[in-house]
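Encoded as structure tokens, the structure appears first; notes follow it.
The chains referred to below are lettered A, B, ... by the order of the sequence lines, with proteins before strands, and numbering in each begins at 1.
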2 protein chains.
Amino acid sequence: MNNEFKNQEADARGDGYLPGLAIDAVIFGFHDNQLKVLLLAYKNTGLFALPGGFIRDYEDVNEAARRVLLDRTGLTNIFLDQFYVFGDRSRHDAAPLKAIMAARGVMPPENHWLLKRFVSVGYYALVDFTKAIPTPDSISDSCDWYALDDLPVLMQDHQLIIQKALETLRINLDQKLIGFNLLTEDFTMGELQNLYETILNKKLIRAAFQRKMLSLGILERIAKKFTGGAHKAPYVYRFILEK
Amino acid sequence: MNNEFKNQEADARGDGYLPGLAIDAVIFGFHDNQLKVLLLAYKNTGLFALPGGFIRDYEDVNEAARRVLLDRTGLTNIFLDQFYVFGDRSRHDAAPLKAIMAARGVMPPENHWLLKRFVSVGYYALVDFTKAIPTPDSISDSCDWYALDDLPVLMQDHQLIIQKALETLRINLDQKLIGFNLLTEDFTMGELQNLYETILNKKLIRAAFQRKMLSLGILERIAKKFTGGAHKAPYVYRFILEK
DNA sequence: TATTATTGTATCATTATGTTACAATAGTAA
DNA sequence: TTACTATTGTAACATAATGATACAATAATA
């Protein structure tokens, strides 16, 4: 779904879009020691869904995914990767979209392109929670963060898509060094460890974690952070961007 | 491309297929200490291409990929995984397909569905070279193995697709334990090490490799293999399938 | 029976990771 | 100022994983 939905509704053939192909984006954020994802709520239907969209005939598929991310968060230059193509026939279920359209007073013809079978390319993004500005599209009343362990009921197979995105994130967290994308520019070692523990859902050994992170040579020590607590102030680190 | 190409050619609208979506399969085999991939050669055009196909409207996308693999190799129950979606607009180039059709005496209308832009889901498969029976489709004169380091000139972005598949294979070789899929059911430790060295393109330490593999508890020692060489006979191992 | 090439594994060295401990604070309260 | 507390940074040692070398155990052959 995107801001151009009105046009999409009006034109039953879907001119200007790649047919049968969609994008679903699992946009991760980290706040209050919880992993969260951005979800849209649809007017009068009680349905929740991942941000998504379609591909214009002049766009690369990856470009379209960046556009979706920009439209829902206002962010560019964000970590964004494909992780799986959801192409089962059983995904096809016109009912939710009909309900959404009906709630808006639209009765689409049976052969409306949006009611056809879609294959969806799954993307996951890692964003700085404090920088993102959740923005609903034209047919949803809200775009908000939901904790992964307290999700509302989701449309179609969106629950599965989130599950698979999380698995990908867990695997790639250790391989590629992508966790930093979920934090603010500056962070303490404790914050970084909290993030890792939340994503991996297990306790890590503090001394070993710190030693490992520092040994990677990807962290720059910026300054001390005086939190007001009655204890030694932690250092603030910053991820060193490679040139 | 697949055996139903004749039907596909005849029907300019592409009825019965998902529009604009294709599958490209990088089918890896291992022979003569070389990694090889299956390629098709097209009649009278000098063009080489990856095995591929389209998705029937009654098929899951993954199912369609299995069908392609079966049609080109005769194999089922094979390691097969998605690795990337190739969706750049710049991929669109009707020329090769026109050439192929022209070589067959067909002049498609400009709006023929096969000449439109396609997004392709990349799959990679690992097969036992000795078991696969390379089989051309209806419009290619050959289906054969080509060594990765001696590939012919390939259609469109198929070179890039192979490159990306190889990267995926290298990353997953250590994570998941998938190398065995490229060997016969029984193999020696030396053969396994050769496979790893070929894929990773680097020498491995024999003692450490053997110790690591045995410690994983995934190998069953079957018997000795008397090769006729004037030296100690190696053991033959078999991958233990988990239940 | 000696010779040769290769395999399986033991041994030690090096590196990485798990675990414990402790000094160095930054605040609070006496 | 001075104890007291909680947390951080890191040293120190233990354990595990990997790298490197060495050598005994063979299958064939001469």
Side-chain angles (χ1 to χ4, degrees), chain A residues 32-33 170-177 179-180 183-240, chain B residues 32-33 170-177 179-180 183-240:
Chain A
D32 284 342
N33 273 349
R170 281 186 178 147
I171 291 169
N172 287 345
L173 188 61
D174 283 328
Q175 323 293 329
K176 317 172 185 182
L177 297 164
F180 312 98
L183 298 175
T184 50
E185 187 180 21
D186 294 348
F187 50 85
T188 67
M189 196 54 78
E191 287 165 353
L192 186 59
Q193 186 175 342
N194 276 337
L195 172 66
Y196 269 69
E197 290 181 341
T198 302
I199 293 176
L200 301 175
N201 194 30
K202 68 173 179 187
K203 282 271 160 222
L204 300 174
I205 300 151
R206 192 176 60 89
F209 182 80
Q210 174 136 341
R211 180 179 50 200
K212 186 74 197 299
M213 282 298 152
L214 293 181
S215 77
L216 291 174
I218 55 171
L219 294 184
E220 188 179 5
R221 186 172 281 181
I222 302 293
K224 286 196 175 185
K225 182 182 182 181
F226 299 93
T227 56
H231 52 75
K232 186 173 177 180
Y235 286 103
V236 163
Y237 297 90
R238 187 175 295 172
F239 182 66
I240 300 172
Chain B
D32 284 342
N33 273 349
R170 281 186 177 147
I171 291 169
N172 287 345
L173 187 62
D174 283 326
Q175 322 294 330
K176 316 172 185 182
L177 298 164
F180 312 97
L183 297 175
T184 50
E185 187 180 21
D186 295 349
F187 49 86
T188 66
M189 196 55 76
E191 287 165 354
L192 186 60
Q193 186 175 343
N194 276 337
L195 172 65
Y196 268 69
E197 291 181 341
T198 303
I199 293 176
L200 302 175
N201 194 32
K202 68 173 177 187
K203 281 272 160 223
L204 300 174
I205 299 152
R206 190 175 62 89
F209 182 81
Q210 173 135 342
R211 180 179 50 198
K212 186 72 196 295
M213 282 298 153
L214 293 180
S215 77
L216 290 173
I218 54 170
L219 294 185
E220 190 180 1
R221 184 172 282 179
I222 303 295
K224 286 195 175 186
K225 182 181 183 183
F226 300 92
T227 57
H231 52 75
K232 186 172 176 180
Y235 286 102
V236 163
Y237 297 90
R238 188 175 295 172
F239 182 67
I240 300 172

Contact list for residues 191-219 of chain B, test ring pair (Phe, Tyr, Trp, His ring centres under 6.0 Å), sequence neighbours left out: Y196(B)-F209(B)
Residue mapping more 5' on DNA chain C - nearest nucleotide basis, K232(A) or S215(A): S215(A)
By side chain to side chain donor-acceptor pair (under 3.5 Å) - contacts of Q210(B) (at least two apart): none
Proximity to DNA chain D (any heavy atom under 4.0 Å), residues of residues 200-210 of chain A only: R206(A), A207(A), Q210(A)
All side chain to side chain donor-acceptor pair (under 3.5 Å) counterparts of N33(B), not counting sequence neighbours: none
Comparing K212(A) and P234(B) on DNA chain C - which has the more 5′ nearest nucleotide: P234(B)
Those residues that, when tested against E220(A), pass salt bridge (Lys or Arg N to Asp or Glu O under 4.0 Å) (two or more places apart): none
Would you give me the side-chain donor-acceptor pairs under 3.5 Å for residues 199-206 of chain A, sequence neighbours excluded?
unit_1: K203(A); atom_1: NZ; unit_2: E197(A); atom_2: OE1; d: 3.4

Protein-nucleotide distance (L214(B), atom CG; dA10(C), atom P), rounded to Å: 11 Å
Partner residues of F187(B) under the ring-ring contact (aromatic ring centres under 6.0 Å, His included) criterion, sequence neighbours left out: F180(B)
Heavy-atom contact window of chain A on DNA chain D, given 5' to 3' at under 4.0 Å: dT5(D) to dA12(D)
Side chain to side chain donor-acceptor pair (under 3.5 Å) partners of D174(B), counting only residues at least two apart: none
Heavy-atom side-chain proximity of F239(B) to I218(B) below 4.5 angstrom: yes
